[in-house]
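Structure, as structure tokens:
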Amino acid sequence: MANNPIKAVKGVKDILPADATLWREVERRARAQFARFGFKEIVLPIFEKTEVFVKGVGEETDIVQKEMYTFQDQGGESLTLRPEGTASCVRAFIEHSMYHPPGTITKLYYFGPMFRRERPQAGRFRQFYQIGAELFGALEPEADAEAIHLLWLFIQSINIKGPRLYLNSLGCDTCRPPFRAALVNFLTARKERLCETCQGRYQRNPLRVFDCKAQGCQQVMTEAPTIDKHYCPDCQAHFDRVKKGLEALAIPYELNSRMVRGLDYYNRTVFEVTAEGLGSQNSIAGGGRYDDLIKNSGGPAVPAIGFALGVERLLESIGTPLEFSPGHPDVFIVYMEAAADEAFRIAGRLRRTGIAVEKAFKPASLKNQMGKADKSGARFALIIGEEELATRTAILKNLKNSTQQPIPLANLEESLTGLLTS
RNA sequence: GUGAGUGUAGCUCAGCUGGUAGAGCAAUGGGUUGUGGCUCCAUUGGUCGCGGGUUCAAUCCCCGUCACUCACCCCA
């Protein structure tokens, strides 16, 4: 053991081969589900100009205020490792004029790492992976319902344990200010009963007090005015149709008028999915509508809705194991020292024809090699010792049913290909 | 940023009120001079996170430090 081995950065994990297979299976199923809804993949850069996130995510958010990995490049420009995907996606949407012609619907999804400098915890990492989707150009509540449907079906497809969908509407610029004023009013009158952090923020961001877990704040908030009594007619109608849509699609949801999302850009529909088996951070997905973000980011007034899932959390909350083939070798070559050169050449020949071959670089005992062959999951062991070398005929052992047969070395490629495809 | 808990073999963990360490799994060899999954035997493998202190003696007690974990904040 080395004295001071270099370790990975805090909060950052290696995804080892044993986990990577499951990881990729989840990704594969996500792609399949997105494709069914007509979403196309967009591969975004993992760093952007800092202002993309400051303006996109919101200056008041925790993400921008204390969690971003920001650095200056040699040209003096401030760059940031992306803490989330929507801001980048919106930047790309505008940059490539995807809103043309007017009325265009654009459906995008992405998959990749995000970076936030938080204290690591169960289900929380400094580099974590998100699967995200964004739907641009639709104001209709049916878009909200379809986006949630997509999310819900994907969650079903990977056997998530105990998923629960929480739904709320945050209203819009018309109904939010009066509600906000009412809330600030309410809180000011009860300022003494709030916790320290809430006393500090209730004027700037009164909605956050809903999320506070302090006893005093919780009690106060049970009587607080909620947004659902303040919707303007348009928002009320929109939310009603979203709910109707979810019911038509048989998606179970729970209303939570106290749900507030941590990003500033949301309006109207917001939602969150929690699952079992996760510890304290039990939210596996979250999203909502952001009808003003594109305009505020310098683009046209295009409405949008999106969501993101946290891959590490998904993996932790998978119930019944997913079935998939982990990729075993076709043939494991077991050989003796005398046949080392021949085994090496045969491996080369077989691999050139596309057969998956595994073999030791240095032969251990036959027992050992057979054990490795078994563990590798290979279908066949190809055994080559001195006798086989002399007769130019190897032994092919089927590891699944323990039968074996002699097989001439001359046309191994053909005979093996035949056996493997049968 | 705050708080708590844990650091002993590659992995999962024992180790009583201080006497410098053990099991299971894994690995390697053997029982079958050339055949895996089961079984049996043997072997390899440890600066007991790091630094200091108390003591005749510290894995164990004390202090510091680092790392990991969980929780708060907040989020995926």
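Proteins come first, then strands; the chains are lettered A, B, ... in the order of their sequence lines, and each starts at number 1.
- Atoms CE (A:M336) and C1' (B:U33) sit 9 Å apart, rounded to a whole Å.
- With hydrogens and angles ignored, no donor-acceptor pair under 3.5 angstrom links the side chain of A:S365 to the base of B:G30.
- To the nearest whole angstrom, the two P atoms, one in B:A21 and one in B:G5, are 29 Å apart.
- Taking the side chain of A:K10 as heavy atoms from C-beta on, and the options B:G1, B:A76, B:C68, the nearest nucleotide is B:C68.
- Within 4.0 Å (heavy atoms only), A:E84 reaches no atom of the nucleic acid at all.
- On a pure distance criterion of 3.5 Å, no polar donor-acceptor pair joins the side chain of A:E316 and the base of B:A76.
- Within 4.0 Å of A:A122, counting heavy atoms only, lie sugar-phosphate atoms of the nucleic acid but no base atom.
- Pair assignment for B:U32 gives none, since no Watson-Crick or G-U wobble pairing has each distance under 3.5 Å.
- Partner assigned to B:U54 is none, using Watson-Crick or G-U wobble distances below 3.5 angstrom.
- Backbone-only engagement by A:I284 is indicated by non-hydrogen atom pairs under 4.0 Å involving sugar-phosphate atoms exclusively.
- Within the 4.0 angstrom heavy-atom criterion, base atoms lie near A:Q404.
- Pairing of B:C68, defined by two Watson-Crick or G-U wobble distances under 3.5 Å, is identified with B:G5.
- Look at OH on A:Y110: it is 10 Å from P on B:A76, rounded to the nearest Å.
- The base of B:G36 lies close enough to the side chain of A:K397 for a donor and an acceptor atom to sit less than 3.5 Å apart.
- Within 3.5 Å, no donor on the side chain of A:K400 pairs with an acceptor on the base of B:G37, nor the reverse.
- Atom NZ in A:K375 sits about 15 Å away from atom C1' in B:U35, given to the nearest Å.
- One side chain, A:T269 or A:D144, offers a donor N or O that lies under 3.5 Å from an acceptor on the other.
- Along RNA chain B, the nucleotide nearest to A:K7 and the one nearest to A:P120 differ in position, and the one closer to the 5' end is contacted by A:K7.
- Pairing of B:G37, defined by two Watson-Crick or G-U wobble distances under 3.5 Å, is not identified with any nucleotide.
- With both ends at atom C1', the span from B:A42 to B:U55 equals 41 Å, rounded to whole Å.
- A side-chain N or O of A:E247 and one of A:Y253 form a donor-acceptor pair less than 3.5 Å apart.
- With rounding to whole Å, A:Q121 atom CD is found 15 Å from B:C68 atom P.
- OP1 or OP2 of B:G29 sits under 4.0 Å from a side-chain N or O of A:N368.
- Phosphate proximity of B:U2 to A:K66: absent, as no side-chain N or O sits under 4.0 Å from OP1 or OP2.
- Computed from coordinates, the A:E388 CD to B:G34 C1' distance equals 8 Å when rounded to whole Å.
- Side-chain proximity of A:K367 to the nucleotides B:C74, B:G36, B:A76 is greatest for B:G36.
- Across all strands shown, B:A23 forms a Watson-Crick or G-U wobble pair with B:U12, both key distances being under 3.5 Å.
- Within the 4.0 angstrom heavy-atom criterion, base atoms lie near A:F125.
- Judged by Watson-Crick or G-U wobble contacts below 3.5 Å, the nucleotide B:G46 has no partner.
- Remark: B:U17 base-pairs with no nucleotide; criterion is Watson-Crick or G-U wobble with both hydrogen-bond distances under 3.5 Å.
- Looking at A:E134 and A:Y290, their side chains do bring a donor and an acceptor atom within 3.5 Å of each other.
- Taking atom CD of A:Q369 as the reference point, atom C1' of B:G37 lies 17 Å away to the nearest angstrom.
- Contact detail for A:I227 and A:G171: the closest heavy-atom pair is CG1-N, 4.4 Å.
- To the nearest angstrom, P of B:C74 lies 13 Å from CD of A:E272.
- For B:U28, one of the phosphate oxygens OP1 or OP2 lies less than 4.0 angstrom from a side-chain nitrogen or oxygen of A:K372.
- Closest approach of A:G288 and A:Y266 over heavy atoms only: N-CE2, 3.3 Å.
- When distances run from any side-chain atom of A:S402 to the nucleotides B:A27, B:A76, B:G36, the shortest one goes to B:G36.
- Judged by distance alone, with hydrogens and angles left aside, A:Q281 brings a side-chain donor or acceptor within reach of the base of B:C74, the pair sitting under 3.5 Å.
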